[in-house]
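These notes are about the structure you will find just below.
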Amino acid sequence: MHRDTVFDLIGIGFGPSNLALAVRLAEEAGVSDLAHCFIERQPEFGWHRGMLLDDCRMQISFLKDLVTMRDPTSRFTFINYLFERGRLADFVNLKNFYPTRVEFHDYLAWVAASFDDRVNYGQTVTGIEAVRSTGHTNEVAALRVFSRDHEGREWQRVTRALSVGIGGGPQVPEAFAALGTHNIVHSSQYLTSIDRVVGPASGARKRLAVVGAGQSAAEVFVDLTRRYPHVDASLIIRSSALKPADDSPFVNEIFNPAFTDVVYAQPRDGRRALIERFRDTNYAVVDRPLIEQIYEMLYLQNVCAEPRHRLLANTAIETAMRTGGGRIELTLRDRLSGHARAEHFDALVLATGYRRDTHVDLLEGLAPHLGDALARGDVERDYRLVTPASFKPRIYLQGCCEDSHGLSDTLLSVLALRSDEIAASLAHHALQDRTADRTSRTQANATSAGRMSYAV
Ligand SMILES: Cc1cc2nc3c(=O)[nH]c(=O)nc-3n(C[C@H](O)[C@H](O)[C@H](O)COP(=O)(O)OP(=O)(O)OC[C@H]3O[C@@H](n4cnc5c(N)ncnc54)[C@H](O)[C@@H]3O)c2cc1C
């Protein structure tokens, strides 16, 4: 038997969601003394590195950085980042609210560097287990978090609260999943894999298909046409045209932090209806300037009479199979004429989006204690998973509450305020925990460095 020091909070994943929370915890008197750490799979901070294309811009104003919407005086604002980097005046001259993703990545990494001592980089959380209270056989008092580092070593930590901020997992349609990964790349891995897939420019011409009708698909398509002179690229979309993202000002109000209350107050059907009504702000849509750029590029090809790249609209992919030499045969059906044909490609890029249910697998070990709240996605307004009374630890979910909290949940829009709400909830419950600890300590005399320990 041994005793563990118990954290007040462990954050799983150190992307923008938990980074915003780290900032909040550091800045707020009352929560800054909470014992907390983060566990991040990547060896260092990285924000969608696989899609960090040179000239792609943010789809959100820099004012919706990690902090400004709750505290413009924080030292972690994007403006202060520019100031400290010596670029503030030049940035103003750009007259643009939308920095490149490369610059925003640099901003996020600049903030993250202040929290290096809190983050266990290079560790993947592999599972979570319930830790029962001593003497109360049915009560779950804490959670044991298992992780594995790059050398295969196992780590264990115990905590009273989790903040799950693991982002989305690649969504791979069934037809492609069966083909394996050889020469099939999800857009999340685009920059890290595409050179290997495409091969050197001195080699044979390559036919690549990009599948998807959203922003990532359009960005990858343009990038392929620019980066590789020996690639002929086809963008395959089911819809009749690339559609522009609606970022008009009244519609954009749905990303205001206050709109989260509006969505949350609706019954389940009402929330779903709201999300569907505004779906074209985020899903299967493309920024208008990028659409115009693609249109012009395809037009200019026709001027030169050497069309190499294509947009195949109204096209359903009915089957996908491997043929000789590792090529991939797609059966494409024209959704207007009904005509089907087979085409062969050397490689595919699947810009088919992200699953938002990966937390369910991660929390699977707790399923016997949680009832059906996890499967149903029952989450409190403060992002806490609804748990039975006998389950004392709190599990905060970030980025997987779109169904309950609205479209901004998977984006950057509400990060500053969401971290504030979670920090307030943590502070409230930590106070309760400490009161309970004092009582238990008297009874069980089980203390370690001033914090409650559990016999395991
Ligand atoms: C290419 C691209 C561009 C985008 N641009 C914008 C934009 O301009 N504006 C906007 O509002 N939104 C944008 N988004 C949406 C995006 O979801 C958010 O920007 C943001 O990344 C959400 O942060 P997060 O921390 O919740 O998730 P993520 O950024 O996905 O971070 C999750 C982190 O968890 C880590 N992790 C996952 N599993 C584990 C595990 N088991 N153990 C340990 N660590 C783990 C991952 O390595 C990752 O670092 C974009 C998304 C993509 C893919």
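- Other residues, nucleotides and ligands place more than 12 heavy atoms under 6.0 Å from the OH atom of Tyr98.
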Donor-acceptor pairs under 3.5 Å, side chain of residues 277-289 to any protein atom, not counting sequence neighbours: which ones?
from	atom 1	to	atom 2	distance (Å)
Thr281	OG1	Phe278	O	2.6
Tyr283	OH	Glu402	OE2	2.6
Asp287	OD1	Gln59	NE2	3.3

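- Aromatic rings from Phe45 and Phe38 are positioned such that their centres are separated by 6.0 Å or more.
- Applying the side chain to side chain donor-acceptor pair (under 3.5 Å) test to His186 and every residue at least two apart in sequence or in another chain returns Ser188.
- Dense packing is recorded around CZ of Arg207, with more than 12 heavy atoms of other residues, nucleotides or ligands lying under 6.0 Å away.
- Side-chain atoms of Thr68 and Asp65 include a donor-acceptor pair closer than 3.5 Å.
- A donor-acceptor contact under 3.5 angstrom links the side chains of Ser425 and Tyr396, judged on distance only.
- Considering only residues two or more places apart in sequence or on other chains, Glu27 meets the side chain to side chain donor-acceptor pair (under 3.5 Å) condition with Arg70, Ser74.
- Within the 4.5 Å cutoff, side-chain heavy atoms of Leu25 are placed close to those of Leu426.
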**Request:** Test Ser147 against Gln123 for side chain to side chain donor-acceptor pair (under 3.5 Å), laying out the working first.
**Result:** CA-CA 6 Å; Ser147 58; Gln123 289 187 29; 2.7 Å; yes

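- Trp110 CH2: more than 12 foreign heavy atoms inside a 6.0 Å radius.
- In this structure, Phe78 has its ring center at least 6.0 angstrom away from the ring center of Phe83.
- Taking the six-membered ring for Trp and thresholds of 30 and 60 degrees, Phe76 and Phe115 have ring planes inclined between 30 and 60 degrees apart.
- Here the shortest heavy-atom pairing between Ala209 and Leu330 reads CB-CD1, 4.5 Å.
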Check: residues 357-374 side-chain donor-acceptor pairs under 3.5 Å, at least two apart:
from	atom 1	to	atom 2	distance (Å)
Asp357	OD1	Arg355	NE	2.9
Asp357	OD1	Arg355	NH2	2.9

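- Around atom CZ of Arg238, no more than 12 heavy atoms belonging to other residues, nucleotides or ligands sit under 6.0 Å away.
- With sequence neighbours left out, Tyr190 forms a ring-ring contact (aromatic ring centres under 6.0 Å, His included) with no residue at all.
- The side chain to side chain contact (heavy atoms under 4.5 Å, CB included) search around Arg49 returns Gln42, Glu44, His105, not counting sequence neighbours.
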Show every donor-acceptor pair shorter than 3.5 Å between a side-chain atom in residues 9-20 and any protein atom, with sequence neighbours excluded, or say none if there are none.
from	atom 1	to	atom 2	distance (Å)
Ser17	OG	Arg418	NH2	2.8
Asn18	OD1	Ser163	OG	2.6
Asn18	OD1	Gln398	NE2	3.1
Asn18	ND2	Ile12	O	3.1
Asn18	ND2	Gly13	O	2.8
Asn18	ND2	Ser163	O	3.2

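- Each of Ile236, Ile328, Val210, Leu208 was evaluated against Leu348; a single residue qualifies, Ile328, per the side-chain contact (heavy atoms from CB on, under 4.5 Å) test.
- Val198 approaches Val231 most closely through the heavy-atom pair CG1-CG2, 3.6 Å.
- The side chain to side chain donor-acceptor pair (under 3.5 Å) test applied to Asp195 returns Tyr228, not counting sequence neighbours.
- Evaluation of the ring-ring contact (aromatic ring centres under 6.0 Å, His included) rule for Tyr121 yields no partner, not counting sequence neighbours.
- Residues satisfying the side chain to side chain donor-acceptor pair (under 3.5 Å) criterion with Arg101, sequence neighbours excluded, are Glu219.
- Checked by atom type, the side-chain pair Thr331/Thr319 shows a donor-acceptor distance below 3.5 Å.
- Between the side chains of Arg327 and Asn183, no donor-acceptor pair of N or O atoms lies under 3.5 Å.
- By the 6.0 Å contact criterion, CD on Glu154 is enclosed, its count of non-hydrogen atoms from other residues, nucleotides or ligands being greater than 12.
- The side-chain hydrogen bond (donor to acceptor under 3.5 Å, both in side chains) pairs that include a residue from residues 249-261 are Asp261-Arg381, where partners are two or more places apart or lie in different chains.
- Cation-pi geometry between Arg271 and Tyr264 is met: under 6.0 angstrom from the ring centre, within 45 degrees of the axis.
- With sequence neighbours excluded, no residue forms a salt bridge (charged side-chain N to carboxylate O under 4.0 Å, His left out) with Asp247.
- Across every non-hydrogen atom of Gly167 and Arg356, the tightest pair is C-NH1, 3.5 Å.
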